[in-house]
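All values below come from the heavy atoms of this structure, side chains included, with hydrogens, waters and symmetry mates left out. Order of the sequence lines fixes the chain letters, A, B, ..., with proteins taken first and strands second; residue numbering starts at 1 for each chain.
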There are 2 protein chains.
Amino acid sequence: MAISKIDQIPPERLERIMAVMKGVAHPLRFRIIVLLCDRAHNVNEMAAALGERQPAVSQHLAPLRMLGLVAVDRSGGNATYSLNEPMLRNLVHCFETHCTP
Amino acid sequence: MAISKIDQIPPERLERIMAVMKGVAHPLRFRIIVLLCDRAHNVNEMAAALGERQPAVSQHLAPLRMLGLVAVDRSGGNATYSLNEPMLRNLVHCFETHCTP
DNA sequence: TTTGGAGATTGCGATATGGCAATATCGAAG
DNA sequence: CTTCGATATTGCCATATCGCAATCTCCAAA
């Protein structure tokens with residue numbers, strides 16, 4: 001089931017992988033994800049923690065939501081976001097472990 | 001040394017991580033990398049294996065080269081490309097293992 | 001020195017993406 | 001019903017990226 005033979009990566013899977021990568025390949029979105037690796041946060045918490053404006057954070061949460069990478073819980077007065085795709089932890093760990101410039 | 005506290009990701013490191021992710025976040029470039037995970041190839045081999053045209057492959061090799069993700073050996077008549085960044089194997093493995101749509 | 005193959009580069013037009021400011025929604029509290 | 005805090009959305013401009021075709025550079029062999 002490995003993808004060692006390139007030509008054999010099912011197109012669907014390649015598309016999903018690319019979508020996920022593109023979703024994470026943005027400084028703010030990546031930082032949001034790292035933040036959520038720790039625990040759930042609401043939008044304002046994230047904006048504050050990251051030193052970014054709320055609209056910016058919300059804007060970048062949108063694609064993450066659509067990709068199913070994060071989940072929202074709107075039961076309380078505010079929206080609580082949490083990581084919804086387990087592999088993201090692996091991905092982040094992969095970078096924190098091996099990506100040293 | 002983990003990057004659990006977002007605000008503490010050194011800017012340089014974040015930049016490098018983003019550069020690598022953006023570099024890999026393209027279908028053709030990703031497939032090139034997966035191809036090179038197996039063994040070294042020259043440009044025409046890759047083009048043939050991937051069913052793409054040589055200029056396209058060469059074009060996408062450029063950024064990978066500049067990022068230091070692949071290395072070229074021009075000692076023979078042709079250019080032999082190989083993986084130059086070990087973490088890419090982890091990255092690919094991470095996706096092949098966990099990214100199931 | 002001419003030729004042919006292997007690779008790299010360049011110039012486009014088309015599309016996508018990002019930042020930013022303004023504004024719209026929505027639910028809970030008054 | 002009105003207000004307020006929390007989030008989401010929209011419009012616009014600037015910039016980056018993509019695919020593609022045409023070309024160009026090199027080097028080795030003849």
Query raised in the report: Within the structure, does a side-chain N or O atom of A/N44 lie under 4.0 Å from either OP1 or OP2 of D/dG5?
Result: no
Report task. Verify the contact: side-chain N or O of A/R53 to OP1 or OP2 of C/dG19, cut-off strictly under 4.0 Å; return yes or no. Result -> no
Query - Interatomic distance, A/F30 atom CZ to B/I9 atom CD1 [nearest 0.5 angstrom] - result: 5.5 Å
Requested in this report: Quickly work out the B/R29 CZ to D/dG19 C1' distance and round it to whole Å.
Outcome: 12 Å
Requested in this report: Rounded off to whole Å, could you give me the CG-to-P distance for the A/N78 and C/dG27 pair?
Outcome: 14 Å
Query raised in the report: B/E52 CD to C/dA6 P: how many Å, rounded?
Result: 18 Å
Query raised in the report: At their closest point, which heavy atom of B/L61 faces which heavy atom of B/V70, and how far apart are they?
Result: O-CG2, 4.4 Å
**Report entry** Inter-residue atom distance A/C94.SG - B/F95.CZ, 0.5 Å rounding
**Finding:** 8.5 Å
Query raised in the report: C/dT17 P sits how many Å from A/M18 CE, rounded?
Result: 14 Å
Query - Interatomic distance, A/K22 NZ vs D/dT17 P [rounded to whole Å] - result: 11 Å
Report task. Mind checking side-chain contact (heavy atoms from CB on, under 4.5 Å) for A/A19 and listing every partner two or more places apart, or none if nothing turns up? Result -> A/L67
Report summary line: B/A49 and B/L35 have their tightest heavy-atom pair at CB-CD2, 4.1 Å
Query raised in the report: When you check the gap from the basic side-chain N to the acidic O, do B/E85 and B/R16 get nearer than 4.0 Å?
Result: yes
**Report entry** Nucleotide C/dG7, atom C1' - distance to CD of B/E45 in whole Å
**Finding:** 14 Å
Query raised in the report: Are any of A/H60's side-chain N or O atoms less than 4.0 Å away from OP1 or OP2 of C/dC20?
Result: no
Requested in this report: Can you tell me the distance, in whole Å, between the CE atom of B/M66 and the C1' atom of D/dA16?
Outcome: 14 Å
Query raised in the report: From B/H26 NE2 over to A/K22 NZ, what is the distance, rounded to the nearest 0.5 angstrom?
Result: 6.5 Å
Query raised in the report: Atom CD1 of B/I32 and atom P of C/dA8: how far apart are they, to the nearest Å?
Result: 11 Å
So which protein nitrogen or oxygen atoms get under 3.5 Å of nucleotides 8-11 of chain D's nitrogens or oxygens?
{"residue": "D/dA8", "atom": "OP1", "partner": "A/R74", "partner atom": "NH1", "Å": "3.1"}
{"residue": "D/dA8", "atom": "OP1", "partner": "A/R74", "partner atom": "NH2", "Å": "3.4"}
{"residue": "D/dA8", "atom": "OP1", "partner": "A/Y81", "partner atom": "OH", "Å": "2.6"}
{"residue": "D/dA8", "atom": "OP2", "partner": "A/S58", "partner atom": "OG", "Å": "3.0"}
{"residue": "D/dA8", "atom": "N7", "partner": "A/Q54", "partner atom": "NE2", "Å": "2.9"}
{"residue": "D/dT10", "atom": "O4", "partner": "A/Q59", "partner atom": "NE2", "Å": "3.1"}

